[in-house]
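Below: one structure, written as structure tokens.
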Amino acid sequence: MSQMVATKLILTFMKTFSTFQQAKQIHAQILTNDLTRLEPLFIHRILLCDITNYKTISPYVISILHHLRNPDSFSWGCVIRFFSQKGQFIQAVSLYIQMRKIGLFPSSHAVSSVLKSCAKFEDDLCGVSVHGQVQKFGFNSCVYVQTSLLDLYSKNGDVLTARKVFDEMAERNVVSWNSLLGGYIKGGNLDEARCFFYEIPRKDVISWNSMVSGYAKGGKMEQACYLFRQMPERNLVSWNTMISGYVDCGSIGSAREFFDAMPKRNSVSLITMIAGYSKSGDVDIARELFDRMDDKDLWSYNAMIACYAQNSKPNEALDLFNGMLKQEISLHPDEMTLGSVISACSQLGNLDQWHWIETHMNDYGIVLDDHLATALIDLYAKCGSIDKACELFHGLRKRDVVAYSAMIYGCGINGKVSDAVELFEQMVGESIDPNLATYTGILTAYNHAGLVEEGYRCFKSMKDNGLVPSVDHYGIMVDLLGRAGWLDEAYRLIMNMPMQPNAGVWGALLLACRLHGNVKLGEIAAQHCIKLESETAGYYSLLSGIYATVGKWNDAKKLTIGVEGKKIIKIPGCSWTQLE
DNA sequence: ATAGGGTTAG
């Protein structure tokens with residue numbers, strides 16, 4: 001293949017190859033370009049690319065590079081830029097290393113691209129070694145290279161080094177200023193950022209957006225809004241930044257006002273609003289916005305599937321997920337999608353759907369990261385496979401509060417109370433602060449084992465950790481006290497709750513009254529349950545069960561009339577993702 | 001023919 005044809009091919013790949021339709025067009029182009037003298041294997045590979053996801057085309061792009069007789073700095077630069085732009089940072093860096101190994105002098109374009117990729121890694125080893133080469137090869141006066149370098153340090157949180165690069169730059173432009181501004185904002189020092197912002201000689205809309213975003217991320221929406229109003233020019237991103245800020249601080253109403261007021265909206269605006277409504281529990285409004293989107297991409301589906309998963313609508317989450325796979329141009333799920341899907345499976349106690357997905361993981365190019373493993377710990381534990389959960393837990397790279405909480409809860413519902421307590425102590429020993437979900441887990445463990453005093457002590461210790469028990473924690477405590485027969489204590493706890501008891505709390509008391517044959521409290525509990533959830537049949541049968549155990553047959557009989565077709569009793573659930 | 005900065009998620 002000639003150098004020129006191959007380079008053209010690379011560029012075509014980069015510019016247009018993102019959907020199946022476009023892939024087909026490329027196939028046609030390849031055929032008409034008389035590339036038939038290519039090695040048969042190579043042609044075969046290109047023709048085989050039944051592609052809907054850019055992840056799949058990486059081998060083809062690399063294979064084009066390897067089929068060049070003498071790939072030069074430009075060809076390498078194109079390919080490195082391709083991977084850097086498509087988010088395949090490891091590939092980009094590895095290609096740069098290969099290029100260096102064969103002794104090619106990198107172009108400033110290639111260096112800028114590879115630095116951008118290095119900036120995405122947590123570890124700054126890569127970036128620092130490229131920095132060394134930058135100095136060795138004399139890119140000191142290239143504003144592009146220097147700015148990417150400065151941005152690398154900014155993004156990795158090393159503002160001091162970023163500042164040093166900035167100060168030593170021979171030439172700066174607004175991108176360099178914006179990059180360092182981003183560094184100050186990421187470091188959370190808003191005062192310093194503000195001073196720097198006012199020093200920027202020719203601020204553009206991105207400088208303003210960054211500063212507004214800094215205030216928004218710091219929860220200072222008044223200041224963000226003040227700056228937003230002062231902006232000489234606003235674009236879509238400016239509006240989206242404001243919406244996102246309001247969503248983050250829970251002001252969905254203000255977010256909506258901005259959303260309605262903005263002159264134009266894109267998918268980011270809609271996705272941000274969907275996430276906002278998901279947080280406020282308005283699933284129907286979120287779905288309305290989702291349906292309004294013309295071209296739904298992976299991010300849109302992920303937002304909506306997550307919304308269902310987080311709002312206890314696992315069936316809807318799975319339906320949407322399956323719908324996404326069955327589309328004409330099917331979207332490939334990613335780690336985020338599967339995280340929500342696993343959570344939905346877990347809420348349903350459905351391992352089958354996961355096992356089906358598991359066999360397709362490789363096709364999707366998904367690797368099991370810590371987030372997914374944590375979701376799976378929860379799923380396996382809830383489905384009773386505590387050993388599998390344990391195995392995943394020990395395989396985690398880093399164990400955070402969510403992982404510990406899922407594992408503690410898993411031990412709790414599987415009757416391994418001592419393991420749960422041990423994990424809890426281990427977690428505290430690692431200076432990880434327990435959150436509300438952790439307490440749900442440990443209290444569930446005590447509850448399962450019937451350890452009333454330990455559970456009660458633990459419940460009371462929550463406030464020592466600065467936590468306010470939620471209604472679900474009260475539910476578990478009422479269940480624990482009630483099952484042990486401490487019915488008056490359970491009732492007193494309900495009466496002293498700082499919030500309105502829900503059907504789960506009263507249901508737990510009702511269940512306990514059924515267990516211990518307490519008519520007086522049972523009637524009170526049932527009354528509340530029926531008032532809160534009149535369509536649930538289980539409450540009636542529990543109450544009638546109480547009457548039956550104490551011989552009040554007539555009362556029992558009255559209740560069994562007309563309860564057919566009502567829902568069975570709801571068992572209080574728990575979710576890691578919503579509890580902070 | 002190729003490069004750098006701002007907005008979306010658990």
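Residue numbers begin at 1 in each chain, while the letters A, B, ... track the order of the sequences. Because only heavy atoms are used, hydrogens play no part in the values below, and waters and symmetry mates are left out as well, while side chains stay in.
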From C-beta outward on [X], which listed nucleotide comes closest to its side chain: [options]?
X	options	answer
Val237(A)	dG4(B), dT8(B), dT7(B)	dT7(B)
Asn209(A)	dA9(B), dG6(B), dG4(B)	dG6(B)
Ser244(A)	dT2(B), dT8(B), dG6(B)	dT8(B)
Glu335(A)	dG10(B), dG6(B), dA9(B)	dG10(B)
Ser213(A)	dT7(B), dA9(B), dT2(B)	dT7(B)
Ile271(A)	dG6(B), dG10(B), dT8(B)	dT8(B)
Ser210(A)	dG6(B), dG4(B), dG10(B)	dG6(B)

Students often get this wrong, so: under 4.0 angstrom with heavy atoms, is [X] touching a base, only sugar-phosphate, or nothing?
X	value
Ser148(A)	sugar-phosphate
Lys217(A)	sugar-phosphate
Val111(A)	nothing
Lys155(A)	sugar-phosphate
Thr241(A)	sugar-phosphate
Asn173(A)	base
Val212(A)	nothing

Handout entry: NZ or CZ of Lys203(A) within 45° of Phe197(A) ring axis and under 6.0 Å
Key = yes

Practice task
Test for a donor-acceptor pair under 3.5 Å between the base of dG6(B) and the side chain of Asn240(A), counting only N and O atoms.
Solution key: no

Practice task
Please work out which residues in residues 281-303 of chain A have a non-hydrogen atom less than 4.0 Å from an atom of DNA chain B and list them by number.
Solution key: Trp299(A), Asn302(A)

Only distances under 3.5 Å count here; give the side-chain donor-acceptor pairs of residues 252-259 of chain A to other protein atoms, sequence neighbours excluded, each with its distance to 0.1 Å.
from      : atom 1 : to        : atom 2 : distance (Å)
Arg256(A) : NE     : Asp260(A) : OD1    : 3.3
Arg256(A) : NE     : Asp260(A) : OD2    : 3.3
Arg256(A) : NH1    : Tyr277(A) : OH     : 3.2

Distance alone, cut at 3.5 Å: any donor-acceptor contact between the side chains of [X] and [Y]?
X	Y	answer
Gln347(A)	Ser343(A)	yes
Asp151(A)	Ser148(A)	no
Tyr184(A)	Arg194(A)	no
Ser280(A)	Asp282(A)	yes

Practice task
Indicate whether OP1 or OP2 belonging to dG4(B) is found under 4.0 Å from a side-chain N or O atom of Gln146(A).
Solution key: no

